Asker: 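Mind looking over this structure? Questions follow.
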Number of protein chains: 2
Amino acid sequence: MKIGELSRRTGVSVRMLRYYEAEGLLAPQRTGSGYRDYGPAEEQTVRRIKMLGAAGMTLETIQQLLPCVRNNDPEFTPCNNLRKILADQVSLIDERIETLSQSRTILAGFLSSVT
Amino acid sequence: MKIGELSRRTGVSVRMLRYYEAEGLLAPQRTGSGYRDYGPAEEQTVRRIKMLGAAGMTLETIQQLLPCVRNNDPEFTPCNNLRKILADQVSLIDERIETLSQSRTILAGFLSSVT
DNA sequence: GTAAGGTCTGACAGCACTGTCAGGGTCAAG
DNA sequence: CTTGACCCTGACAGTGCTGTCAGACCTTAC
């Protein structure tokens, strides 16, 4: 399928589909006239990128992870560092939550001081 | 005092002190030769900016808030929205924490699926 | 008077995307 | 054959800071 249809089917903008490719996360076939031609495998990949992105991962991190999920549909193929990457991501999120919680405490303090 | 000393005393880089000024959060005197000349009031302001920034507020938001804390002015009239701004910020942080928590859940799911 | 160190302005770079526009090619239908 | 929808590449804008560099001026001390 062409890029517009894939965009419609996945909800990812055309702009971002091209960006995924520029960042090395997708490599669709090209038609004779240069149009990108995506297959079902690519569509699945895009859905995975979207899901991992929703989990707050950067495209760079997703790119590292992608080879581990490219093959088998339902589950991850265990790569050596897959667990480490995921665990690191969870730690990263925990750190961010902790930082935000501290900020919240500070602001709540200000708020109560003007009440 | 000059900008370098203020930087040393507050731990805010010279670059950022100038940036604060460009964004309208500071307006130090100038010497005859054009050097910025900060007084104790400015130093206090910088410390407040730093604290509010640590609470995750953008400079734009801090700028709105600053007139309310600039001097312990008994006049609250122009700061009727102080509490609202603070409350909004807390809500914003809560949203971000919620988003991160959802991301965490997704990632933890991935992690358990490869365990 | 000269050397060192501080300061000035202005501008470019980088993050991690995301939108948008320009200028031009392709394809299907009427 | 022309129209309209779609596609291509490339580039600029904007976020909210933050570092760094260039070229020039000021100040202090030796």
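Only a predicted model underlies this, so the values are computations on that prediction, with no experimental measurement involved. Any value given below was found using the heavy atoms of this structure, including those in side chains, with hydrogens, waters and symmetry copies removed. Below, chain A is the first sequence line, B the second, and so on; all start at residue 1.
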Asker: Quick one: are B:M1 and B:E43 in side-chain contact, heavy atoms under 4.5 Å?
Answerer: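 A side-chain contact exists here, since the closest heavy-atom pair is under 4.5 Å.
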
Asker: Please tell me which of B:S33 and A:V14 maps to the more 5' nucleotide of DNA chain D, matching each residue to the nucleotide holding its nearest heavy atom.
Answerer: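 Here A:V14 is the residue nearer the 5' end.
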
Asker: For B:M57 and D:dG16, what is the distance between atoms CE and P respectively, to the nearest whole Å?
Answerer: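 Nearest whole value for this atom pair: 13 Å.
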
Asker: Can you find a side chain N or O atom of B:S13 that sits less than 4.0 Å from OP1 or OP2 on D:dG19?
Answerer: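 For D:dG19, OP1 or OP2 has a side-chain N or O of B:S13 closer than 4.0 Å.
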
Asker: To the nearest Å, give me how far apart CD1 (B:I49) and P (D:dC17) are.
Answerer: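 It is 11 Å, rounded to the nearest whole Å.
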
Asker: So does B:A41 get a backbone contact from the side chain of B:T45, meaning a donor-acceptor N/O pair under 3.5 Å?
Answerer: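 Yes, because the side chain of B:T45 sits within donor-acceptor range (under 3.5 Å) of the backbone of B:A41.
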
Asker: Just N and O in the side chain of B:R36: are any of them under 4.0 Å from OP1 or OP2 of C:dT7?
Answerer: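 It does not, given that no N or O in the side chain of B:R36 lies less than 4.0 Å from OP1 or OP2 of C:dT7.
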
Asker: Using a cut-off of less than 4.0 Å, is there contact between a side-chain N or O of B:R8 and OP1 or OP2 of C:dG6?
Answerer: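 For C:dG6, neither OP1 nor OP2 has a side-chain N or O of B:R8 closer than 4.0 Å.
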
Asker: Please tell me which of the listed nucleotides, D:dC17, C:dT7, C:dT9, lies nearest to the side chain of B:R30?
Answerer: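 So the side chain of B:R30 is nearest to C:dT9.
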
Asker: What nucleotide among C:dT7, D:dC17, D:dC8 has an atom nearest to a side-chain atom of A:Y35?
Answerer: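 Closest nucleotide among those given: D:dC8.
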
Asker: Would you kindly give the CD-to-P distance between A:Q29 and D:dC7, to the nearest whole Å?
Answerer: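 Interatomic distance, CD of A:Q29 to P of D:dC7: 17 Å.
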
Asker: Round to a whole Å and report the spacing from CD of A:E60 to C1' of C:dC17.
Answerer: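 After rounding, the gap between these two atoms is 13 Å.
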
Asker: Salt-bridge test for A:K2 and A:D37: reply yes if a basic N is under 4.0 Å from a carboxylate O, no otherwise.
Answerer: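 Looking at A:D37 together with A:K2, the answer is no, because their closest N to O distance does not fall below 4.0 Å.
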
Asker: Just the rounded figure in Å: distance from C1' of C:dT7 to CE of B:M1.
Answerer: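 Atom CE in B:M1 sits about 16 Å away from atom C1' in C:dT7.
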
Asker: Answer with base, sugar-phosphate or nothing: what part of the nucleic acid does B:R18 contact at a heavy-atom distance below 4.0 Å?
Answerer: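 Base contact.
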
Asker: Has the side chain of A:R15 got a donor or acceptor atom sitting under 3.5 Å from an opposite partner on the base of C:dT20?
Answerer: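 Present.
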
Asker: Rounded to the nearest Å, what distance is computed from the CG atom of residue B:D37 to the P atom of nucleotide D:dC26?
Answerer: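 To the nearest whole Å, that distance equals 17 Å.
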
Asker: In whole angstrom, what separates B:L17's CG from C:dT9's C1'?
Answerer: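 Distance check: B:L17 CG to C:dT9 C1' gives 16 Å.
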
Asker: In terms of the nearest nucleotide of DNA chain D, which residue is placed more toward the 5' end: B:K2 or B:Y20?
Answerer: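 Looking at the nearest nucleotide for each, B:Y20 comes out on the 5' side.
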
Asker: Donor-acceptor pair under 3.5 Å: do we get one between B:Y19's side chain and the base of D:dG19?
Answerer: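 By the distance-only test, no, there is no pair.
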
Asker: Once you round it to whole Å, what is the distance between C1' of D:dT28 and CD of B:E5?
Answerer: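 Value for this atom pair: 16 Å.
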
Asker: Would A:E21 and A:R30 pass as an ion pair if we require N to O under 4.0 Å?
Answerer: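 Yes, A:E21 and A:R30 are salt-bridged.
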
Asker: Tell me whether the count of non-hydrogen atoms from other residues, nucleotides or ligands lying under 6.0 Å of CD in B:E5 goes above 12.
Answerer: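 Yes.
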
Asker: Compare the minimum distances between each of D:dC7, C:dT7, D:dT18 and the side chain of B:I3, then state the nucleotide with the smallest one.
Answerer: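 Closest nucleotide among those given: C:dT7.
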
